[in-house]
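Since this is a predicted model, take the numbers as computed values, not measurements. Numbered from 1 within each chain, the chains take letters A, B, ... in sequence-line order.
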Amino acid sequence: MGYIRVRFAPSPTGDLHIGGVRTALFNWLFAKNKGGKFILRIEDTDEARSTEESVKIILDAMKWLELNWDEGPGSENPKYSPYCQIERKKQGVYQKYADKLVAKGLAYPCYCVPEEVDDMRKKARANKLPPKYDGRCSRLTTEQRKQKESEGKKAVVRFKMPSLGTTVLNDLIKGRVEFDNSLLDDFVIMKTSGIPTYNFACVVDDYLMEITHVLRGDDHISNTPRQIHIYNALDWKVPEFAHMSMILGPDGVRLSKRHGHTSVLEYRKEGYLQEALINYLALLGWSTEDSRQVFKIEELKQEFSIERCGISPSIFDPVKLLWLNGEKIRSKSPQQVYELFIDWLKCTDNEKLTEGWDVELLKKALVLERDKIKLLKDIPSLVDFFFTKEVDYREEAVRKILLSEKSKDSAKLVLIESAVRLPNQHDFSAESLEHYARNLAVEKNIKAGQVFHPIRVAISGRTQGPGLFQMMEVMGKEEVVRRINAAINKFFQQ
RNA sequence: GCUGCCAUCGUCUAGCGGUUCAGGACACCGCCCUCUCAAGGCGGAGAUCACGGGUUCAAAUCCCGUUGGCAGCGCCA
């Protein structure tokens, strides 16, 4: 196999969603694995639905995911540019080849209006036949064509499909697939607007951009015989095809907006790491022999192969993605988690959440809480108590630990003793604090937990959190004592 | 309706004719660790390999059929 060029060719008609990312990812991984080129092409031939906004969203999403393209918008290559189909259309790229096909007698102008064609299809369907255009305009004489033209009728260009035989596709993933040519009709390659249709633009561009492998969702597989015939008609080499299985929603239907949370940028806002999303998506439809689950991006690049792509569709499991995100966060150093968090704050415009927070304290807090983080957006609620002036005492924590009949006496005792003794605790390290607490328990003849829990609630307001003594060390003596006194005043004031 | 694709624990998957009364991961349950919550460790439950026929000494693995799911059938991509 020589030099490899693959492409991701989204149409800018909305957000980049999970299914699209998977397609982009597998192309990208394939290119990286083979040392080939990954091209990004914008297929904006749908005049009605394509938007500039959507192009921007797609580019942003690709950048966030670090699915960098070797060629595409912003990375033009004079040999292949431009990378937007409407731009290419303006240069007459497609018209030229449509004319060539007409000249060869392999395509023809068709004057039928959409309503006529619809009718034909409806009738065919009613007769339990595949809905097809009947090819009537291919039989027009030159005079008849001139007549139509002089009447000012607009024509589309239709490609003549052979009606006999079969078209064989040797798909890299699906294997050999045969299509009965008689089931396919003469399809439109140029609209009346002069804009090419998908099937045509795609082939022309893949040829001109020297795409060697077309890796796409298997919802495109039935387009493939049409495309193959265009390649043949133009005497172009047919690229390799690999059709990946679809990603389905929990209901088993192809993932779409309806399932919610399908837009990539939403995942960023939720606080997913790009590498978690990438890793997860790689697992959908691809696997290694040892069924490994966690991969670094580098490892994916090294190990990816089309041969190990699965053929059956897979259901998107947000729960597993969440686990993987936690896994990725746990694999980061505290400094990295801090940086990730800061980036997340910026990208979600949430900087006010941490206003007035001491950076060093935040970093230390992250060391203690890292293993608990599933999403970056969880971080504020996990560490905010370190930064509050007024501790937010959770009602349930107070009731259970400080004021319950069973424990209120010991809790009061522990806090008052601590308020007195802790200021004299010279070594405020976690280790030494633990000694202090355990000794206090022995001295007062109560259980260690009866010392630990009240202090925890007093300084954090909650029953859950980091290890108590690590937490105290990080907060510092002054603050711990201040909070204990505040708690005494609030709950045990005579 | 027609055509195509697909079918292993709830989910993602390993398996490419015998070493598998099917292995891993998520989720779930239990135990351990432990000052709480996590994380981690250990263990458990969970799949008549969709069904029915073949081929073979031997099939989750090959072939055929059935059923079910999905996709496509546009001057959408």
Side-chain angles (χ1 to χ4, degrees), chain A residues 9-13 43-50 110 112-114 117-118 121 124-133 154-158 169 171 174 177-180 183-185 187-193 195-199 201-202 217-225 243 245-246 248 250 252-254 280 283-294 310-324 326-327 330 369-374 382 397 401 434 437-438 441 447-453 455-457 460 462-469 471:
Chain A
S11 51
T13 54
E43 304 213 327
D44 51 356
T45 54
D46 184 338
E47 316 141 88
R49 296 193 302 151
S50 297
C110 166
C112 297
V113 294
V117 184
D118 274 357
R121 295 207 169 96
R125 213 182 268 257
N127 289 323
K128 303 191 176 186
L129 292 166
K132 287 172 65 171
Y133 172 69
K154 288 272 196 182
V156 299
V157 179
R158 276 185 193 276
L169 162 66
D171 193 272
K174 304 282 184 192
V177 184
E178 285 187 25
F179 302 89
D180 185 344
L183 267 16
L184 273 9
D185 64 356
F187 59 97
V188 175
I189 56 173
M190 295 292 277
K191 312 178 202 176
T192 49
S193 58
I195 296 173
T197 59
Y198 161 73
N199 275 126
C202 176
D218 69 11
D219 50 338
H220 279 84
I221 203 163
S222 51
N223 283 317
T224 313
H243 288 91
S245 55
M246 302 266 80
L248 278 21
V253 177
R254 181 165 62 159
Y280 178 69
L283 259 22
L284 252 33
W286 175 81
S287 60
T288 52
E289 201 170 348
D290 58 3
S291 227
R292 192 146 65 96
Q293 306 293 305
V294 183
I311 50 179
S312 50
S314 36
I315 291 171
F316 183 83
D317 180 9
V319 177
K320 185 157 179 179
L321 206 211
L322 193 62
W323 163 74
L324 207 38
E327 194 70 17
R330 267 171 257 131
E369 291 290 63
R370 184 193 62 186
D371 289 359
K372 229 173 286 181
I373 304 168
K374 289 238 188 296
L382 245 21
I401 305 296
E434 182 160 2
R438 291 194 187 278
K447 285 192 230 156
Q450 288 178 288
V451 176
F452 300 162
H453 298 314
I455 299 179
R456 170 185 298 286
V457 173
S460 74
R462 34 186 112 171
T463 56
Q464 305 176 349
L468 175 63
F469 309 108
M471 180 162 74

### Query
With rounding to whole Å, what would you report as the distance between B/G68 and B/C51 at their P atoms?
15 Å
### Query
What nucleic acid atoms does A/R330 come within less than 4.0 Å of, heavy atoms only: base, sugar-phosphate, or nothing?
sugar-phosphate
### Task
Please determine, for B/A58, whether a Watson-Crick or G-U wobble partner exists with both distances under 3.5 Å, and give it or none.
none
### Message
Among residues at least two apart in sequence or on other chains, which ones pass salt bridge (Lys or Arg N to Asp or Glu O under 4.0 Å) with A/R125?
### Response
none
### Message
Counting the atoms with a prime plus P, OP1 and OP2 as sugar-phosphate, which does A/L468 contact under 4.0 Å by heavy atoms, base, sugar-phosphate, or nothing?
### Response
base
### Message
Regarding A/G217, tell me which of base, sugar-phosphate or nothing describes its non-hydrogen contacts under 4.0 Å with the strands shown.
### Response
nothing
### Query
Heavy atoms under 4.0 Å, any strand shown: does A/V253 hit a base, just sugar-phosphate, or nothing?
sugar-phosphate
### Task
Answer with base, sugar-phosphate or nothing: what part of the nucleic acid does A/D180 contact at a heavy-atom distance below 4.0 Å?
nothing
### Query
Are A/R158 and A/D185 within salt-bridge range, i.e. N to O under 4.0 Å?
no
### Task
For B/C49 and B/C29, measure between their C1' atoms and round to the nearest Å.
25 Å
### Message
Taking any heavy-atom pair under 4.0 Å as a contact, classify A/T45: base, sugar-phosphate, or nothing.
### Response
sugar-phosphate
### Query
Can you pull the contact range of chain A along RNA chain B, 5' to 3', using atoms under 4.0 angstrom from its heavy atoms?
B/G1 to B/A77
### Message
Does A/V294 reach a base, just sugar-phosphate, or nothing at all? Heavy atoms under 4.0 Å.
### Response
nothing
### Query
Hey, does A/R462 reach any base, or is it just sugar-phosphate, or nothing, if we go heavy atoms under 4.0 Å?
nothing
### Message
Under the rule for side chain to side chain donor-acceptor pair (under 3.5 Å), what residues qualify as partners of A/R254, not counting sequence neighbours?
### Response
A/D219
Scan the side chains in residues 313-323 of chain A for donor-acceptor partners under 3.5 Å anywhere in the protein, sequence neighbours excluded, and list what turns up.
| residue | atom | partner | partner atom | Å |
| --- | --- | --- | --- | --- |
| A/D317 | OD1 | A/V319 | N | 3.1 |
| A/K320 | NZ | A/Q293 | OE1 | 2.5 |

### Task
Mind checking A/K374 for me? I need base, sugar-phosphate or nothing, with any heavy atom below 4.0 Å counting as a touch.
sugar-phosphate
### Query
With both distances under 3.5 angstrom, what nucleotide forms a Watson-Crick or G-U wobble pair with B/A47?
none
### Query
Contact class for A/P10 vs. all strands (heavy atom < 4.0 Å): base, sugar-phosphate, or nothing?
nothing
### Query
Reckon A/S291 touches a base, only the sugar-phosphate, or nothing at all at heavy-atom distances under 4.0 Å?
base
### Task
For nucleotides B/C70 and B/G54, find the distance between their C1' atoms and express it as a whole number of Å.
28 Å
### Message
Over all strands shown, is A/R292 touching base, sugar-phosphate only, or nothing at heavy-atom distances under 4.0 angstrom?
### Response
nothing
### Query
What residues, two or more places apart in sequence or in another chain, satisfy salt bridge (Lys or Arg N to Asp or Glu O under 4.0 Å) together with A/K174?
A/D218
### Message
Just to be sure I understand the rule, does A/S314 reach a base, reach only the sugar-phosphate, or reach nothing, if contact means heavy atoms closer than 4.0 Å?
### Response
sugar-phosphate
### Query
Starting at the 5' end of RNA chain B and moving along, which residue's nearest nucleotide shows up first, A/V319 or A/W286?
A/W286
### Message
Please compare A/P313 and A/F469 by the position of their nearest nucleotide in RNA chain B and report the one closer to 5'.
### Response
A/P313
### Query
Under a 4.5 Å cut-off applied to non-hydrogen side-chain atoms, are A/F179 and A/V177 in contact?
yes
### Task
List the atom of A/P131, the atom of A/A124, and the distance in Å for their closest heavy-atom pair.
CA-CB, 3.9 Å
## Note on the structure
Sequence neighbours excluded, the answer for side chain to side chain donor-acceptor pair (under 3.5 Å) partners of A/D118 is none
### Task
Return the nucleotide paired to B/C5: Watson-Crick means purine N1 to pyrimidine N3 with N6-O4 or O6-N4, wobble means G-U with N1-O2 and O6-N3, both under 3.5 Å.
B/G69
### Query
Which value, in whole Å, describes the distance between the P atoms of nucleotides B/A14 and B/C76?
39 Å
### Task
Pick base, sugar-phosphate or nothing for A/T192, based on heavy-atom distances below 4.0 Å to the nucleic acid.
base
#### Entry: Inter-nucleotide P distance (B/G10, B/C16), Å rounded
23 Å
### Summary
Mate of B/U34 across any strand shown (Watson-Crick or G-U wobble, both atom pairs under 3.5 Å) is none
### Query
Is there a side chain to side chain contact (heavy atoms under 4.5 Å, CB included) between A/H220 and A/H243 once you walk through the steps?
CA-CA 8 Å; A/H220 279 84; A/H243 288 91; 4.2 Å; yes
#### Entry: Span that lies between the C1' atom of B/C73 and that of B/G15, in whole angstrom
36 Å
### Message
Suppose you measure atom P in B/C64 against the same atom in B/A71; what distance do you get, rounded to whole Å?
### Response
25 Å
### Message
Between B/A77 and B/U66, how many Å separate the two C1' atoms, rounded to a whole number?
### Response
35 Å
